[in-house]
Amino acid sequence: MSDAYAIILRDRGIVEVAGPDAASFLQGLITNDIAKVDAQNAIYAALLTPQGKIIYDFLIVAVANGFFLDCGRACAGDLANRLRKYKLRAKVTVTDRSSEFAVVALSLDGPALHDVPDPRLPKIGRRAVIPIVGIESHLQTSGYALRPESDYQARRLAMGIPDSALDIPPETFFPLDCNFEELNGVDFAKGCYVGQELTARMKHRATARKRLLPVSAATSLPPAGTAIKRDGIEIGELRGAIGANGMALVRLDRLGSATDATAESMSIKVGRPSYPLILAKEEPE
């Protein structure tokens with residue numbers, strides 16, 4: 001019996017960017033290189049403010065005549081509107097297709113469904129965009145057992161992969177603080193894009209000392225924004241949590257090699273993601 005499983009990510013939406021200028025249009029806006037996207041490969045990327053802060057992040061997959069941006073469902077409409085403001089004379093259309101397509105997380109094994117490896121961390125599984133109509137029966141007849149979205153969230157948190165809707169408030173954090181380099185979300189060799197100058201400066205001057213790290217507690221974690229302290233010194237803040245597990249933005253130079261901290265007098269454990277952090281030389285290993 002196959003162990004292949006599928007998880008419908010109902011909190012994800014789809015924005016389509018299509019037309020003859022779709023690739024060049026996106027290339028001038030996003031943190032990653034659109035030339036890496038093809039039928040077998042997706043990319044992780046973000047749209048930044050001119051000051052280099054993340055507005056929204058997304059995964060990009062190739063489709064006929066353009067690309068699908070796999071983004072937080074709640075932000076899909078706003079993302080589409082923001083992209084349209086950059087159109088000028090570009091021959092592109094930008095359409096919110098969230099009511100037509102769903103994002104599905106697939107196990108590493110199982111029949112192909114025009115899927116791609118998750119570009120952030122391939123071991124989390126594969127990803128596919130599938131028409132919503134009849135999606136459950138389609139997945140089951142294709143050989144997949146359906147699992148609840150909570151299984152995906154638990155696996156994501158265990159690996160230290162942030163979720164944009166929970167962990168990255170718009171226009172607040174810089175991409176390098178949110179593990180974009182570690183999760184293959186920024187290309188330092190591509191040409192200019194909105195917010196590129198500050199992102200490159202943070203990389204080359206080694207000024208990014210914060211990272212999103214997995215955290216856990218014995219009971220449900222406090223809300224996002226709660227200060228995290230160690231020995232009375234603030235070292236970061238909690239971000240999104242699902243019960244007793246979540247993510248936190250932490251100053252690595254203040255955390256050091258410690259794993260214990262507090263949040264509203266609650267004892268918490270500060271973990272490390274399942275991928276290596278890219279640290280400046282003066283920061284603790």
For the side chain of [X] and the backbone of [Y], is there at least one donor-acceptor N/O pair under 3.5 Å apart?
| X | Y | answer |
| --- | --- | --- |
| Thr31 | Gly185 | yes |
| Gln27 | Ile34 | yes |
| Lys190 | Ile30 | yes |
| Ser216 | Ala244 | no |
| Tyr193 | Leu48 | no |
| Arg254 | Lys229 | no |
| Arg84 | Val94 | yes |
| Thr141 | Ser137 | yes |
| Ser98 | Asp96 | no |

If Ile, Leu, Val, Met, Phe, Trp and Tyr residues are connected whenever their side-chain heavy atoms lie under 4.5 Å apart, and connections chain through other members, are Leu277 and Ile168 in the same group?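 Yes; Ile168 is reachable from Leu277 via cluster members.
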Hydrophobic clustering (ILVMFWY, side-chain heavy atoms < 4.5 Å, transitive) - are Ile14 and Val104 grouped together?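 No, no single cluster joins them.
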Could you list all the salt bridge (Lys or Arg N to Asp or Glu O under 4.0 Å) pairs where at least one residue sits in residues 159-168, not counting sequence neighbours?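 Matches after skipping sequence neighbours: Arg156-Asp167.
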Below 6.0 angstrom between ring centroids: does that apply to Phe25 and Tyr86?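 Distance test on ring centres: not under 6.0 Å, no.
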Should Glu182 and Arg272 be marked as a salt bridge (charged side-chain N to carboxylate O under 4.0 Å, His left out) after you check the CA-CA gap, both sets of side-chain angles, and the distance that decides it? CA-CA 12 Å; Glu182 290 87 348; Arg272 302 296 186 273; over 6 Å; no
Can you confirm whether more than 12 heavy atoms, excluding those of Glu234, are under 6.0 Å from its CD atom?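 Enclosed.
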Counting only heavy atoms not in Lys36, do more than 12 fall under 6.0 Å of its NZ?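 Yes, because the 6.0 Å sphere around NZ of Lys36 holds more than 12 heavy atoms from other groups.
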Between [X] and [Y], does at least one N-O distance fall below 4.0 Å, as a salt bridge requires?
| X | Y | value |
| --- | --- | --- |
| Glu181 | Lys203 | yes |
| Asp260 | Lys269 | yes |
| Arg209 | Asp177 | no |
| Asp78 | Arg82 | yes |

About how many Å separate CG of Asp187 and CD1 of Ile43, when rounded to the nearest 0.5 Å?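 Rounded to the nearest 0.5 Å, the CD1-CG separation comes out at 8.5 Å.
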CG/Leu212 to SG/Cys178 distance, rounded to the nearest 0.5 angstrom?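 Reported to 0.5 Å precision, the distance equals 4.5 Å.
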Between Ala39 and Ala62, what is the shortest heavy-atom contact and its length?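 For Ala39 versus Ala62, the nearest heavy atoms are N-CB, 4.5 Å.
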Does the side chain of Asn41 pick up a donor-acceptor pair with the side chain of Asp38 at under 3.5 Å?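 Indeed, the side chains of Asn41 and Asp38 share at least one donor-acceptor pair under 3.5 Å.
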Looking just at side-chain N and O atoms, do Ser164 and Asp57 make a donor-acceptor pair shorter than 3.5 Å?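 Note: Ser164 and Asp57 side chains meet the donor-acceptor criterion.
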Is there a side chain to side chain donor-acceptor pair (under 3.5 Å) between Tyr44 and Asn32? Walk through the geometry before answering. CA-CA 7 Å; Tyr44 179 46; Asn32 214 333; over 6 Å; no
Can you list everything that forms a salt bridge (charged side-chain N to carboxylate O under 4.0 Å, His left out) with Glu100? Sequence neighbours excluded, please.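 With neighbours one apart ignored, the set is Arg97.
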Summary of side chain to side chain donor-acceptor pair (under 3.5 Å) pairs that have at least one residue in residues 116-127, sequence neighbours excluded: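 Applying side chain to side chain donor-acceptor pair (under 3.5 Å) to every pair that reaches into residues 116-127, excluding sequence neighbours, yields Asp70-Arg127, Asp115-Arg126, Asp118-Arg120, Arg120-Tyr152, Arg126-Tyr144, Arg127-Tyr152.
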